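Numbers for residues simply follow the sequence, beginning at 1. Quantities reported herein were computed from a predicted structural model and do not represent experimental measurements.
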Amino acid sequence: MADPSSEKGEGTVHPDAAPPSPSRSSSDSPVQPKYEEIRPSAQKDTSTDGGEGKDAQRPSMDRLRSYATATSVTSAASAHFPAPKPWYKQPNPMRWGKIPPIPEERKVCGEHNAGFFSKLIFHWMGPLMNTGYRRQLEFSDLPNINPERAVGPLTDKVKESYKRRVANGDKYPLLWALHETFFWEFWLGGFCHLLSALLQVVSPFTLRFLIQFATDAWIASTRGTPAPHIGRGLGLVFGITAMQIVQSLATSHFIYRGMVVGGMTRASLISMIYEKSMVITGRAKAGGAELPDIPAAKAAEEVAKKASKRPRMGPPGGGPPGGGGGPPGGAGVANDGVGWGNGRVTNLMSVDTYRIDQACGLFHITWTAPLSILITLALLIVNLTYSALAGFALLVVGIPVLTASIKKLFIRRKAINKITDQRVSLTQEILQSVRFVKFFGWESSFLDRLEQFRAREIRSIQVLLSLRNAIMAVSLSLPIFASMLAFITYSLTRHDLAPAQVFSSLALFNGLRMPLNLLPLVIGQVTDAWSSLSRIQEFMLSEEREDEEKFDSDAPHAVQVKDGSFTWERTPTQDPEATVGVMPKGKPPGKGPKGGPKGGPKGQKLSPSPPTGSEDDVKTLVEEAEPFKLQDLNFEIGRNELVAVIGTVGSGKTSLLAALAGDMRKTSGEVIFGASRAFCPQYAWIQNTTVRDNILFGKDLDSQWYSDVIKACALQPDLDMLPNHDLTEIGERGITISGGQKQRLNIARAIYFDADIVLMDDPLSAVDAHVGRHIFDNAILGMLKDKCRILATHQLWVLNRCDRIIWMEEGKIQAIDTFDNLMQNSEGFRHLMETTSVEEKQDPDAVADIVDAGPGKKMKKDKGLMQSEERAIARIPWSVYKTYIEASGTMLNLPLVLVLLILAQGANIVTNLWLSFWTSDKFGFSMGVYIGIYATLGVLQAVLAFVFMVSLSIFGTTASKGMLRGAMARVLRAPMSFFDTTPLGRITNRFSRDVDVMDNTLTDAMRMYFFSISAIISVFILIIAYFYYFAIALVPLFLVFLFATSYYRASAREIKRFESILRSSLFAKFGEGLSGIASIRAYGLQSRFVESLRKSIDDMDAAYYLTYSNQRWLSVRLDMIGNLLVLTTGILVVTSRFSVSPSIGGLVLSYILSIVQMIQFTVRQLAEVENGMNAVERLRYYGNDLEEEAPLHTIDVRKSWPEKGEIIFDDVHMRYRPGLPLVLQGLSMHIAGGERIGIVGRTGAGKSSIMSTLFRLVELSGGHITIDGIDISTIGLHDLRSRLAIIPQDPTLFRGTVRSNLDPFGEHSDLALWSALRQADLVSDEADTAPPSPTAAAAAPEGGSNALVPAREQGRIQLDSVVEEDGLNFSLGQRQLMALARALVRGSQIIVCDEATSSVDMETDDKIQATMAKGFRGKTLLCIAHRLRTIIGYDRICVMDKGQIAELGPPLELWKNEAGIFRSMCDRSGIRMEDIKGAREEIEAGDRHVAGASVEREVAPKEEK
């Protein structure tokens, strides 16, 4: 089915169909699909590499390549075409003949060469619709974009005009540039709408003459005088029908032109925003740059100021960045120094351009509606004399009141968006760290937190919807009350109610409904679009970077820096309650390669959801700090030199490389490059494309060089494991490959690029030691040996093989010299080197087995990793509707709603029937009785309509709440294999987009559908009651109607689906490009990425425009049916003019005119309801059909278990998913209580798998694990997981406070939490619980502080310190210590520690080891280690190999076995017998000393308190 977001104008636009809230807009943009996956797989060229051809030809391959998309496309392999039946077995003649074949390539759009008539009735859509009706559409069926609408030439035209206007000093250059580019098409739409608006008014007026004709005939027949000639009546009927036809064509073209102009505007703006984001300066990004002093900038600022005063939905943060940080909470006030972080730019692209697109669609209503209202008024006065003014006065008073109340709704909607954003970000956070939530058994805690947000959200939504329904009910009945007032006044002022005047006026009043309802809405849209346009213009005016580096190919050195000083930008002010505009993004990133938060230009997440404080009143405790600077750098580096950059965490290594890559702003000095550069950032930026494309990065393929690069980076074994070798698709942000693989791809890209200067930021940190050596020897010292290489690193063993070393301290260069000189002359350097040992021997076969395999990383040859999303091709099954109704409370809600609907619609019909009885004075009552009953009926119908709408909304939101709760609980209980094979974007999409549809749009669509279908049916019943011949015309027209709609929906559904897939692909590409700007710029590939984005825009737009021409095709045809109904009714009224009273004829005619537009509206609303039910179906799938883990509780487990912590593994076998190979094969091991075990082994040997089995993340395939005599497979998961503690590899922190991270259930006292923070060395021993001093806070820059800051400054971590998303405001070292504190708080008897120290420097590592030795004494400790040194003092070491235990025993014993694996590992790391003995003694000494210390430790905090 189509994506539930039936973008613009499907049906009507709701006063507050809130724009996709930004947290939703891009972060859920699901992953980008590749076109092969949409093309039939058979045509894919798989003949790249002899070896993989066989595999790749299996159709199953490509089918599984689909990465998550809003609604995934499965390839032709899964689209079975029905075999054509012979014509005599196929009752539907439209399906006779042969099924159209799948075209080899996409054709050009039919509109491009279509003639005038074909364009007029959208006949050029025919061939595509026919194909779509006869078989499922494939991607190659979609025509390419109409060349006149391609984004390239249009954008260039807009840019040219824009630049010219900025130079001329125009006030609104962007607006006029767009106007100039799209002038003809835009105003053609305007002319069509003017025509349609005039006819809309004139045809009801002409009705008056037709009714007059019927009245004359009626009177003549009753009095026996000669009747007027029938020709006059028929002429009027044909005239009215002709007017209706012209009007419906004009309306269709107005909407089509408007939407297409909107789409083209959006396309060129997205392209311009992307191009601009490639050249914007870091200062503008962080909000420190002033706008240029030109009229346009001043205008943008004024608009922003106004916008911040005017309540409007949508992102706050209007103003130009500049000036100091505004007060928190004033988001949206100009000059709050917000800056253009990636989040805001993504917002411009997803939300702001969308608003402009929306506004273009219906813009012309702003001037045609007032015009048609005035003409209607004039005609009403002609009809009813001055009485019309009474009714009109009601409208004039009522509309502004309604508009004002709609404005109030916007304010409420903004508050709701805030709650929704908080819920969605929390959901995203939980899902991102779901493995972690499971480890700790915290599911229920998080579900409760979500439930609180959800309850608040649903309550607010219900209030909002009820208010909105009240407004709707009033606005729907305003024309009724107005006509009532007018008629009552008319009859009270001594006039007879003549049918001609009355029913023609009734039709005119009904005609007012559309312009009056749409006008406030469109004005709202246009004002929103205006502030969006100003925001985009302000972005387009922001500061651009000059290339600060000089390139001089004749320079003597490759790199030369003279007196260079560089700075990061200041952090934008953080507003804890901001929902959109304020992104804490411009963080000083490079506080040392490891310690830095990932918030800098590198490593940015694809459009993070904005920060929202967990409580409404959280205030950031950290004072704003100076950004990190590099000062007085002087060095030059030769053309083939290898230079290492070293220093402690936070000394500025990453910053130095970033400065050379052009990422930091240069404040003084000069930088000269002698050649081209390639950049390998620390956080690898991986594109969502094939492995090969990631390495080629836009260069042509040179097979020899390419395969050398693969070998040098040790990627060959990894490629052999991937399903399609190097043509395997990598998920978004490299989601499907391990950290080590990402890093190696990153290095491979830099080498393949073949630049002469290669900047590498700690590329060896994420890979195993032996792989690191291989890369260092073969890549850095091998293939790159004649290049200039600058390598920032923690791996001190490489230093003696570098030509020179740059030693950084606090942003300054401490020394530059060779290794030997530094060893001789520098005490500090010697000390640094002693903490690690320089490599001694190289183990030649260490590279034999380089494979990164963890859960979800193992890929068998013929299995794609990501599952393509289950999607409904056929209609929504009835069971979904049933589930939905049950979720609303009870099945009885359905009949209740239907009864209310019938009553409301009945009241409507009866009101007007009563009017016709009154005009013909059927019952002979007095005037007062007629008036009284008429007024009562009018009020009754408004009340009933309101009750119907409210009950529908309440039931709908209740259902949505219940279904989300079920789905979320079920997802959190899903086994890990589900998360390994389902991309995150797809899951969050269900919990944000689909829930949003159920909350806000589904009940609306249902309401409109119910209303319009009941109105149509009741009118038909009314007509048939008086003119039974009408039934004869109705039957064939009804059949044509059914056929047209099913014909339309067959292709509309598929086109819509392609559009939503291509849209998410565009969003992903945009976000991906934004997050990789540092790399793109360092490689100088901006234009290639812009080209690629433009191609994506064109692909999306090709489908986007088709969705509109498709709708117009249908509406033109349905309007024809409607117009035939008008013709039929007209002829019936004329022919039965003697037998049926003219007041009934008038009633029927005025009704049928109002119904023409309603017919196509009903069809579109039905599609809307189906789209909405699609969301229900997807949530229902998550709530009912996902597999679950074992139950949380089974048998009762004693409170104190496990007392000893004894673990027995008995012949354990385990595989991650059925059909995958065993990862653990017959593992048996007995661990005594309180024993310390170190687990080592190569990547993929099964170290982490032991942990997964212990926590039952994966159930065993065979064998048992018992802890203290209880078989863990017999107890509930929560009982098991809550009794174990883990320090995971990547320290996960959740947004909230330090307290909520250590103790989410609030089970421990503050004292225990402080004590854990102290033990983990996060706060110094003398730190008490008082707030930190301002100086201490300022001394450690936010995000830059690290575990090495002297103890007194660390007093700044408080239990209520704010933790941002992913804990990015703490350094990696601090997050690691926080994870340690979390395990300490738990106080479990068994602690598992997974490579917790793989990402910190030596000093922090020692600190963690000391804490673990101290804090976990007497407890069972399993430690999976990367660094042998950390575990050689443990009781026993377990060496894993290929899922089995290769060696197990005390370290000394294993060391003595010279042929053993452990011994070879020790030799490689230079570990001697003395080291092992020393480590052992240290631990034992600690054990003896602990008894006294622990007593003191317990007493100390009490005294402080």
With a 3.5 Å distance limit and no angle check, can you tell me whether [X] reaches the backbone of [Y] through a side-chain donor-acceptor pair?
X: Arg789; Y: Ile780; result: yes
X: Asn746; Y: Pro681; result: yes
X: Ser676; Y: Ala755; result: no
X: Arg744; Y: Ile775; result: no
X: Arg106; Y: Leu142; result: yes

Side chains of [X] and [Y], heavy atoms from C-beta outward: is any pair under 4.5 Å?
X: Phe635; Y: Arg804; value: no
X: Val758; Y: Ile751; value: no
X: Leu642; Y: Val798; value: no
X: Thr155; Y: Glu275; value: yes
X: Asn640; Y: Asp803; value: no
X: Arg1063; Y: Phe1067; value: yes
X: Asp708; Y: Gln704; value: yes
X: Arg1057; Y: Leu137; value: no

Specify the closest pair of heavy atoms between [X] and [Y], including all atoms of both residues, with the distance to one decimal.
X: Pro763; Y: Cys680; answer: CB-SG, 4.3 Å
X: Ala714; Y: His774; answer: CB-CD2, 3.5 Å
X: Gly1073; Y: Ile1080; answer: O-CD1, 3.7 Å
X: Glu636; Y: Glu641; answer: O-OE1, 4.5 Å
X: Leu660; Y: Ile790; answer: CD1-CD1, 3.6 Å
X: Val561; Y: Val671; answer: CG2-CG1, 4.4 Å

Evaluate the criterion side-chain contact (heavy atoms from CB on, under 4.5 Å) for residue pair Asp141 and Phe1058; output intermediate values, then yes/no.
-> CA-CA 11 Å; Asp141 289 316; Phe1058 283 123; over 6 Å; no
Between atom [atom1] of [X] and atom [atom2] of [Y], what is the distance when rounded to the nearest 0.5 Å?
X: Cys788; Y: Arg639; atom1: SG; atom2: CZ; result: 9.0 Å
X: Lys699; Y: Tyr1083; atom1: NZ; atom2: OH; result: 10.5 Å
X: Ile145; Y: Asp1101; atom1: CD1; atom2: CG; result: 4.5 Å
X: Leu1066; Y: Met1100; atom1: CG; atom2: CE; result: 5.5 Å
X: Ser1096; Y: Tyr274; atom1: OG; atom2: OH; result: 9.0 Å
X: Lys653; Y: Leu791; atom1: NZ; atom2: CG; result: 11.0 Å

Verdict with reasoning, Asp1098 to Arg1094, per salt bridge (charged side-chain N to carboxylate O under 4.0 Å, His left out) = CA-CA 6 Å; Asp1098 276 343; Arg1094 282 182 173 184; over 6 Å; no
How would you list, by chain and number, every residue that makes a side-chain contact (heavy atoms from CB on, under 4.5 Å) with Asp754, sequence neighbours excluded?
-> Trp705, Lys787
Any residue meeting side-chain contact (heavy atoms from CB on, under 4.5 Å) with Arg1081, in chain and number order, not counting sequence neighbours = Arg545, Asp663, Ile1077, Gln1086
Test side-chain contact (heavy atoms from CB on, under 4.5 Å) applied to Asn694 and Thr689, step by step = CA-CA 7 Å; Asn694 262 300; Thr689 158; 4.0 Å; yes
Any side-chain donor-acceptor pair under 3.5 Å between Ser1087 and Glu1091?
-> no
Give the intermediate values and the outcome of side-chain contact (heavy atoms from CB on, under 4.5 Å) for residues Asp786 and Asp756.
-> CA-CA 8 Å; Asp786 300 327; Asp756 296 323; over 6 Å; no
Could you go through the side-chain contact (heavy atoms from CB on, under 4.5 Å) check for Tyr752 and Asp702 one step at a time?
-> CA-CA 9 Å; Tyr752 187 85; Asp702 164 354; 3.9 Å; yes
Taking the six-membered ring for Trp, are the ring centroids of Phe1089 and Phe1070 within less than 6.0 Å of each other?
-> no
